[in-house]
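Below, chains carry the letters A, B, ... as their sequence lines are ordered, and counting in each starts from 1.
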2 protein chains.
Amino acid sequence: MRKDSRLSRVLHALIHLHHYGKPATSDDLGKMLGTNPVVVRRTMAALREQGYVSALKGHNGGWSLAKPLTEITLYDVHKALGEGSVFTIGLTDEHNNCPIEHGVNKALRDVMQEAEALMLARFKQVSLAQLASEFERHDRTGG
Amino acid sequence: MRKDSRLSRVLHALIHLHHYGKPATSDDLGKMLGTNPVVVRRTMAALREQGYVSALKGHNGGWSLAKPLTEITLYDVHKALGEGSVFTIGLTDEHNNCPIEHGVNKALRDVMQEAEALMLARFKQVSLAQLASEFERHDRTGG
DNA sequence: CCTTATGTAACTTTTAATGTTTCTTGTGTT
DNA sequence: AACACAAGAAACATTAAAAGTTACATAAGG
């Protein structure tokens, strides 16, 4: 099943931005992320709308952080991308009022909601600053 | 993103089978599930391979439970369908050895693994017999 | 032998992300 | 003012896996 790698991609971009020292163009980011500039713009647009990054046109333009990484959590980024369901598991449409189908779907929905709640709670606990510092430590120790 | 509703569908089918009193043809199940017989066969085949159901050809043939519902959990069914990743969230390919990308992916992978573990643990706690009885109670109380 | 029903192959459809091309708009430089 | 740079955005193709569909082979009962 096709995956949505926007979260992974945009987190990667934000941390690169943090280290970049100047605005990064969509082309720059595209090269860092192994994708193309249009995909970068499309994905970053969601973050711009939530005020996490800003974009400038023209010479020396490009993308910059609008907030420090300490003030952005994984949850914030996930939410900015639009919280569609996180699961590949879907429920059948309950067209014919079958109580069995209702019961099955309710059971699955309950479990998925609990798992999603755990996931989002974890996402809230991790700031991008933590992520960035972890990678830097990892990098210095050469592991 | 396209959902995989095989789990919901096949659980629905198994509980119907339990109440059916005789083997149910793929056509019967297709009508109950709002889908077509070939999809039913394809999905049920995975359960047959794991010994949860059996199928007979010819007159009075069709699908029957090969184990009581008390001996089948949500986890068993989920696993029988083949445990692809449960999440729509995917990680980017780590092509260019970027430590930032590695760090981001590791953080996301850790959280997703924890959430998936919780989900599977919950699935193990629920037998299809429990599901069936819950729906029956729900049905009798008219709620 | 005929009917029923599974088993299976081959092909189409669906859906959202992703890839790509092209054009417009805005902004700084010369 | 003209130009170059870069985001914004529209339009279309590609991709992947479930799901839908058609067709036919296989097996088993009547």
Whole angstrom is fine here: how far is it from [atom1] in [X] over to [atom2] in [N]?
{"X": "A:Lys22", "N": "C:dG28", "atom1": "NZ", "atom2": "P", "value": "17 Å"}
{"X": "A:Lys3", "N": "D:dT14", "atom1": "NZ", "atom2": "C1'", "value": "19 Å"}
{"X": "B:His12", "N": "D:dA19", "atom1": "NE2", "atom2": "C1'", "value": "17 Å"}
{"X": "A:Lys31", "N": "C:dG19", "atom1": "NZ", "atom2": "C1'", "value": "17 Å"}
{"X": "A:Asp4", "N": "D:dT15", "atom1": "CG", "atom2": "C1'", "value": "14 Å"}
{"X": "B:Leu29", "N": "C:dT6", "atom1": "CG", "atom2": "C1'", "value": "12 Å"}
{"X": "A:Leu33", "N": "C:dT18", "atom1": "CG", "atom2": "P", "value": "11 Å"}
{"X": "A:Asp27", "N": "C:dT20", "atom1": "CG", "atom2": "P", "value": "13 Å"}

Practice task
Mind checking side-chain hydrogen bond (donor to acceptor under 3.5 Å, both in side chains) for A:Asp76 and listing every partner two or more places apart, or none if nothing turns up?
Solution key: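 Per chain and number, A:Asp76 pairs via side-chain hydrogen bond (donor to acceptor under 3.5 Å, both in side chains) with A:Thr73.
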Practice task
Report the residues that fulfil side-chain hydrogen bond (donor to acceptor under 3.5 Å, both in side chains) with A:Lys31, sequence neighbours left out, ordered by chain and then residue number.
Solution key: A:Asp27
Exercise for the section: For B:Pro37 and for A:Thr43, find the nucleotide of DNA chain C with the closest heavy atom, then tell me which residue's nucleotide is more 5'. Expected result: B:Pro37
Which donor-acceptor pairs under 3.5 Å do side chains of residues 53-65 of chain B form with protein atoms, sequence neighbours excluded?
unit_1, atom_1, unit_2, atom_2, d
B:Trp63, NE1, B:Ser26, OG, 2.9

May I have the list of side-chain donor-acceptor pairs in residues 33-45 of chain B shorter than 3.5 Å, sequence neighbours left out?
unit_1, atom_1, unit_2, atom_2, d
B:Asn36, OD1, B:Val38, N, 3.1
B:Asn36, OD1, B:Val39, N, 3.3
B:Thr43, OG1, B:Val39, O, 2.7

Practice task
Return the residues of residues 44-51 of chain A meeting this criterion: a heavy atom under 4.0 Å from some atom of DNA chain D. Order them by number, or give none.
Solution key: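 Heavy-atom contacts with DNA chain D come from A:Arg48.
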Handout entry: N/O donor-acceptor pair under 3.5 Å between B:Ser5 side chain and B:Ser8 backbone
Key = no
Handout entry: Expected output: side-chain B:Glu71 to main-chain B:Pro68 donor-acceptor under 3.5 Å
Key = no
Problem - Derivation and outcome, side-chain contact (heavy atoms from CB on, under 4.5 Å), residues A:Leu108 and A:Val104 - result: CA-CA 6 Å; A:Leu108 293 178; A:Val104 165; 4.1 Å; yes
Problem - Derivation and outcome, side-chain contact (heavy atoms from CB on, under 4.5 Å), residues B:Leu7 and B:Phe123 - result: CA-CA 12 Å; B:Leu7 179 58; B:Phe123 279 174; 4.1 Å; yes
Problem - Phosphate OP1/OP2 of D:dA19 contacted by B:Ser5 side-chain N/O (<4.0 Å) - result: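 True: B:Ser5 side-chain N/O within range (under 4.0 Å) of D:dA19 OP1/OP2.
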Handout entry: B:Ser26 vs C:dA5: side-chain N/O to OP1/OP2 distance below 4.0 Å
Key = no
Practice task
Spell out, yes or no, whether A:Leu81 and A:Leu11 are grouped together once hydrophobic residues are joined by side-chain heavy atoms under 4.5 Å, including indirect joins.
Solution key: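 Yes, A:Leu81 and A:Leu11 fall within the same hydrophobic cluster.
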Completion exercise
Per-nt protein contacts along nucleotides 20-30 of chain D (heavy atom under 4.0 Å; B base, S backbone sugar-phosphate only, - none) come out as BBB---BBBBS
